[in-house]
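Residue numbers start at 1 and run along the sequence shown.
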Amino acid sequence: MTNPLYFSKITLRESAPISKLRELSYDGYAPHKTIWQLLSRSPTQERDFLFRYDIEPRSGLPRFYVVSCQEAKDTSGLWDIQTKPYLVQEPEKPSLFTLGDQFRFSLRVNPTFDKSDRSKKQKQRHDLICHLRKQLPKNAHGEREEPHAATEHRACKEWLERKTTLGFRLVNPDESLLVEQYDQLRFKHKDQTTILSRVDMSGVLEVTDVKKFWDNLTKGIGHGKAFGCGLLLIRRV
């Protein structure tokens with residue numbers, strides 16, 4: 001996805017049957033399947049969109065945020081779709097972004113790292129937070145000496161700062177970076193079980209490379225994009 005054209009907020013209607021709400025609540029594969037139904041135009045289409053699935057805080061209804069190359073279309077009547085143009089260049093402005101621009105951001109990622117596996121002669125992907133937890137020393141009672149929240153914060157900070165293609169830096173991450181949730185998405189599809197680690201974080205960023213920043217807004221960050229990770233949501237400070 002090189003130049004997405006639309007940003008959409010897609011919310012399940014209150015009139016939707018309870019069966020749909022249950023499906024989205026208990027089937028980890030359902031959001032992936034649903035977003036394809038809303039954005040797919042042909043059986044051979046490759047994914048050309050990013051999305052994030054969560055629950056609307058006020059209504060408690062399922063919600064998608066989507067960046068896509070086409071407008072979402074709902075033929076089921078279950079969804080309320082609000083769409084607007086995305087990253088539109090205004091004629092009077094030379095650029096949407098400039099070096100030093102600061103934004104508050106929200107981001108869901110799959111925090112992994114690659115590690116060589118000699119037995120399989122290839123690199124294996126590992127959950128960074130689980131890895132760091134296992135590396136922590138234990139006290140005399142066999143308990144880890146660092147709280148889970150501190151490990152998650154350290155992992156997210158290191159994960160972002162280690163990436164050289166983001167086009168931004170964290171602003172005062174020790175104070176502004178907030179790790180909101182860490183969990184694992186589990187689902188079965190075609191008799192195969194998938195486990196995907198996810199972490200939600202927010203904070204303040206500063207643009208350091210306009211092109212790279214643009215690329216990450218349109219292409220996403222990290223792995224797990226097919227299951228709702230990688231969409232960078234921003235608003236100006």
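- Side chain of Asp200 to backbone of Gln181: no donor-acceptor contact under 3.5 angstrom is found.
- Salt-bridge check for Asp48 with Lys219: failed, with every basic side-chain N at 4.0 Å or more from each acidic carboxylate O.
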Chi angles and distances behind the ring pair (Phe, Tyr, Trp, His ring centres under 6.0 Å) call for Tyr86, Tyr6: CA-CA 5 Å; Tyr86 184 61; Tyr6 303 102; 9.8 Å; no
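- Side-chain atoms of Arg104 and Ser176 include no donor-acceptor pair closer than 3.5 Å.
- By the 4.5 Å heavy-atom criterion applied to side chains, Phe64 and Arg52 are not counted as neighbours.
- You'll find the side chain of Leu39 reaches within 4.5 Å of the side chain of Gln70, heavy atoms only.
- With respect to Glu23 and Lys33, a salt bridge is recorded, a charged nitrogen being found less than 4.0 Å from a carboxylate O.
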Candidate pair Phe51 and Trp36, rule ring pair (Phe, Tyr, Trp, His ring centres under 6.0 Å), full reasoning: CA-CA 10 Å; Phe51 76 94; Trp36 271 101; 9.5 Å; no
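- The heavy-atom pair separating Ile55 from Pro62 by the smallest distance is CD1-CA, 3.9 Å.
- In this structure the side chain of His131 never reaches within 4.5 angstrom of the side chain of Ile129, judged on heavy atoms.
- Atoms CG and NE2, on Leu196 and His32 in that order, are 11.5 Å from each other to the nearest 0.5 Å.
- The shortest non-hydrogen separation linking Val171 to Leu205 is CG2-C, 3.8 Å.
- Looking only at side-chain heavy atoms (C-beta outward), Phe113 and Arg125 stay at 4.5 Å or farther from each other.
- Looking at heavy atoms from C-beta onward, Leu160 lies in side-chain contact with Leu107 at the 4.5 angstrom threshold.
- Note that CZ of Phe97 is 6.0 Å distant from CH2 of Trp214, once rounded to the nearest 0.5 Å.
- Summarising the local packing, CD of Gln135 is surrounded by more than 12 heavy atoms from other residues, nucleotides or ligands at distances under 6.0 Å.
- For the pair Ser8 (side chain) and Ile10 (backbone), a donor-acceptor distance under 3.5 Å is absent.
- A donor-acceptor contact shorter than 3.5 Å is absent between the side chain of Arg13 and the backbone of Ser15.
- Put simply, CG on Leu177 and CG on Asn172 are 10.0 Å apart, with the number rounded to the nearest 0.5 Å.
- Cation-pi contact between Lys163 and Trp159: present, with separation from the ring centre below 6.0 Å and deviation from the ring axis of at most 45°.
- Nearest heavy-atom pair across Val67 and Leu217 is CG1-O, 4.5 Å.
- At a threshold of 4.0 Å, the pair Arg169-Glu161 does not count as salt-bridged, since none of the basic side-chain nitrogens sits closer than that to a carboxylate oxygen.
- Looking at every heavy atom in both residues, Phe105 comes nearest to Val204 through CE2-N, 3.6 Å.
- Between Phe213 and Phe168, the two ring planes are perpendicular [angle over 60°; tilted spans 30° to 60°].
- Side chains of Ser197 and Gln184: a donor on one and an acceptor on the other come within 3.5 Å.
- With hydrogens and angles disregarded, a donor-acceptor distance shorter than 3.5 Å links the side chain of Thr218 to the backbone of Asp215.
- Two residues are said to be in side-chain contact when any heavy atoms from C-beta on lie closer than 4.5 Å; Lys134 and Leu132 fail this criterion.
- Although no hydrogens or angles enter the test, the distance criterion places a donor-acceptor pair under 3.5 Å between the side chain of Asp101 and the main chain of Thr98.
- With contacts defined as side-chain heavy-atom distances shorter than 4.5 Å, the pair Lys73/Leu38 does not qualify.
- Between the side chains of Ser202 and Glu180, at least one donor-acceptor pair of N or O atoms lies under 3.5 Å.
- Salt bridge absent: Lys157 and Glu152 never bring a charged side-chain N and a carboxylate O closer than 4.0 Å.
- Annotation for Tyr29 and His189: closest pair OH-NE2, 3.2 Å, computed over non-hydrogen atoms.
- Proximity of the aromatic rings of Phe227 and Tyr53 is defined here by a centroid distance below 6.0 angstrom, and this criterion is not met.
- To the nearest 0.5 Å, atom NZ of residue Lys211 and atom CG of residue Asn216 are 10.0 Å apart.
- No side-chain heavy atom of Arg63 sits less than 4.5 Å from a side-chain heavy atom of Leu12.
- The distance from atom CZ of Arg47 to atom OG of Ser68, rounded to the nearest 0.5 Å, is 11.5 Å.
- At most 12 heavy atoms of other shown residues, nucleotides or ligands fall within 6.0 angstrom of atom CZ in Arg235.
- Only one option out of Asp54, Leu232, Leu231, Ile221 pairs with Arg108 in a side-chain contact (heavy atoms from CB on, under 4.5 Å); it is Asp54.
- Among all heavy-atom pairs drawn from Val179 and Cys156, the shortest one is CG2-SG, 3.7 Å.
- With hydrogens and angles disregarded, no donor-acceptor distance shorter than 3.5 Å links the side chain of His223 to the backbone of Cys229.
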